[in-house]
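Each remark here refers to the structure printed beneath this line.
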Amino acid sequence: MLPGLNILISGVFNAAVLFLIAAGLQIVFGVQKIVNLACGSFYALGAYFGITALAWAVKLQLPVATFIPILIASGLLLAVVLGPTVERLLRFVYHRDEHFQLLLTFALVLIFEDVIRIFWGASPLQSNNVYFAFGELPLGRNFTVPNYNLIVIGIALAISLGFGWFLQATRFGKIVRATAENAAMCEALCIDLSKVYVAVFTLGVALGTVGGALVVPAAAASLDMGVELIVDAFAVVIIGGLGSMPGALVGALVVGLVRAAAIWLYPEFEMLAIYVIVIAVLILRPQGLLGKSA
Amino acid sequence: MLEVSDLAVEIQSSEILRGVSFNVGAGELVCLVGRNGAGKTTTLRTIMGYVAPRAGAIRLTGTDLRGKSTLDRARLGIGYSPEDSEVLGELTVAENIELPTWTRRTEKSAHERIELAFQVFPNLRRYATRPGTHLSGGERKMLSIARTLALDAKLLLLDEPFEGLSPAIIPGIRHSVHEIVRLGRTVLIAESELQHVPDYADRIYVMERGEIVFGGSLEQAHCDPTVRRIIGTTV
Ligand SMILES: Nc1ncnc2c1ncn2[C@@H]1O[C@H](COP(=O)(O)OP(=O)(O)OP(=O)(O)O)[C@@H](O)[C@H]1O
Ligand SMILES: [Mg+2]
């Protein structure tokens with residue numbers, strides 16, 4: 001029973017973070033029709049920025065309770081700066097071939113990797129003490145769960161519920177859905193597409209940077225984390241279905257849990273297991289588990 | 001209200017419109033009639049800013065629309081109801097109508113504009129909470145026109161509002177369009193069948209292969225040999 005529970009908790013923790021990034025990818029794809037590889041960079045930048053913010057918090061001897069708000073705030077701050085800037089750049093490829101979009105966003109991945117190298121160096125950074133400062137929840141004899149994992153799962157859940165509410169119930173959410181459905185018609189209904197695009201892209205970036213910031217107490221920040229995440233996020237999106245939010249949730253759970261199970265049972269299969277699922281989905285259900293068939 | 005002069009449009013280097021000129025006066029109902037592929041939709045899409053003309057000018061109450069985006073044109077008060085209605089399936093019927101009141105402010109209140117839309121198309125009230133995907137072709141046409149009223153457009157471009165509808169529904173929509181004209185709005189309709197042209201139309205223009213070949217009243221059109229040859233009057 002214990003390995004099972006362990007797999008569950010760490011799998012859901014992975015899934016929670018993956019879902020945030022995949023949700024960002026999905027909404028940007030849905031509205032701007034752009035496959036944004038740079039989502040991996042936003043995640044990595046969020047992580048490094050988060051580490052720096054945490055270091056400041058520790059130096060100023062702020063209480064542990066402030067750490068998570070500080071991490072989230074650092075992610076949001078980063079997104080507010082990065083979102084509109086990068087969106088401005090992407091405007092050049094909105095109506096062009098996917099190749100241009102992939103090339104441009106991949107170029108961004110490489111550029112941001114160098115930016116990280118310049119500011120934070122090439123060796124991985126860690127903030128272990130913070131993780132343990134949150135304590136552990138005893139769940140039985142000899143079995144505890146790190147509180148931090150539970151908190152992040154809770155936050156991801158809250159963010160996804162809030163996100164769903166925003167899209168379903170608010171005026172701006174309705175405008176976003178309408179734009180995703182038919183941008184040309186929306187323009188004739190006086191929707192300022194450029195404003196919607198900036199807002200949606202910044203939201204997508206924020207999901208990435210906040211996701212990266214939240215993961216940093218539990219894992220090291222490293223140069224290749226961005227590229228690694230792109231692979232995972234695409235697995236999530238392929239499994240769940242491109243453009244589908246419930247799909248992102250299901251895909252994130254599949255990837256998170258399978259990965260956790262593989263690490264526990266047969267570490268060599270960690271990546272292989274995910275690729276096998278991705279390939280199976282592509283063959284049997286190319287639109288993804290919850291995607292609309294084309 | 002709307003002056004189109006010498007409009008030429010090329011799509012993928014084939015000439016779609018040639019020397020298209022016509023006028024729609026304030027408060028008028030004007031119909032652009034032509035067979036399938038004559039260039040009616042292209043004309044409306046060019047007025048709406050979706051297609052950039054190679055030559056010619058479009059003026060709205062004297063303002064040259066050259067270089068203006070679709071958004072700018074919508075802000076100036078041009079409403080567009082496309083051929084396939086393009087109702088937003090993500091939203092409910094009521095939300096489809098409310099949306100333009102969120103995005104465009106006019107001297108009329110949002111409430112007033114929404115009420116007007118429902119008043120002209122009272123059937124839509126019953127479907128208010130239905131998703132846009134769950135509508136018949138006729139209901140979609142009505143909703144698409146109702147949205148231009150909620151936008152508070154002064155010039156309405158309606159692409160084939162009677163097309164593909166059962167004869168039982170057409171009189172209802174025709175009545176609603178008449179009401180819109182009586183409200184003082186200016187309306188330009190694209191229509192492929194002469195018999196669908198409302199008898200209260202102020203003027204019709206007949207299009208053939210991207211050119212205007214006739215301009216005049218409906219009665220004159222019925223007697224005109226060119227129009228007869230092209231559209232084959234069945235009336
Ligand atoms: N995007 C496009 N690419 C190539 N050709 C086009 C395009 N749009 C329109 N055309 C061509 O332009 C001509 C006019 O088309 P348009 O849709 O304006 O006609 P229409 O009068 O609205 O016809 P219908 O009654 O069938 O709606 C047609 O020959 C059509 O094939
Ligand atoms: Mg047409």
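Chain letters run A, B, ... following the sequence lines, proteins first, then strands; residues in each count from 1.
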(request) Taking all heavy atoms of Ile212(B) and all of Met207(B), pick out the closest pair and write down the distance. (result) CD1-CG, 3.9 Å
(message) What part of Leu71(B) gets within 4.5 angstrom of chain A, counting heavy atoms only: side chain, backbone, both, or neither?
(response) both
(request) Please round to the nearest 0.5 Å and tell me the distance separating atom CD1 of Ile191(A) and atom OG1 of Thr70(B). (result) 13.0 Å
(request) Find the distance between NE2 (His134(B)) and OG (Ser136(B)) and round it off to the nearest 0.5 Å. (result) 13.0 Å
(request) Tell me, for Glu187(A) versus chain B, whether the close heavy atoms (under 4.5 Å) come from the side chain, the backbone, both or neither. (result) both
(request) Answer yes when Glu15(B) and Arg18(B) have at least one side-chain N-carboxylate O distance shorter than 4.0 Å, and no when they do not. (result) yes
(request) Examine whether an atom of Glu95(B) lies under 4.5 Å from a heavy atom of chain A, and if so say whether it belongs to the side chain, the backbone or both; otherwise answer neither. (result) side chain
(request) Heavy-atom distances under 4.5 Å only: say whether Ala184(A) touches chain B with side chain, backbone, both or neither. (result) both
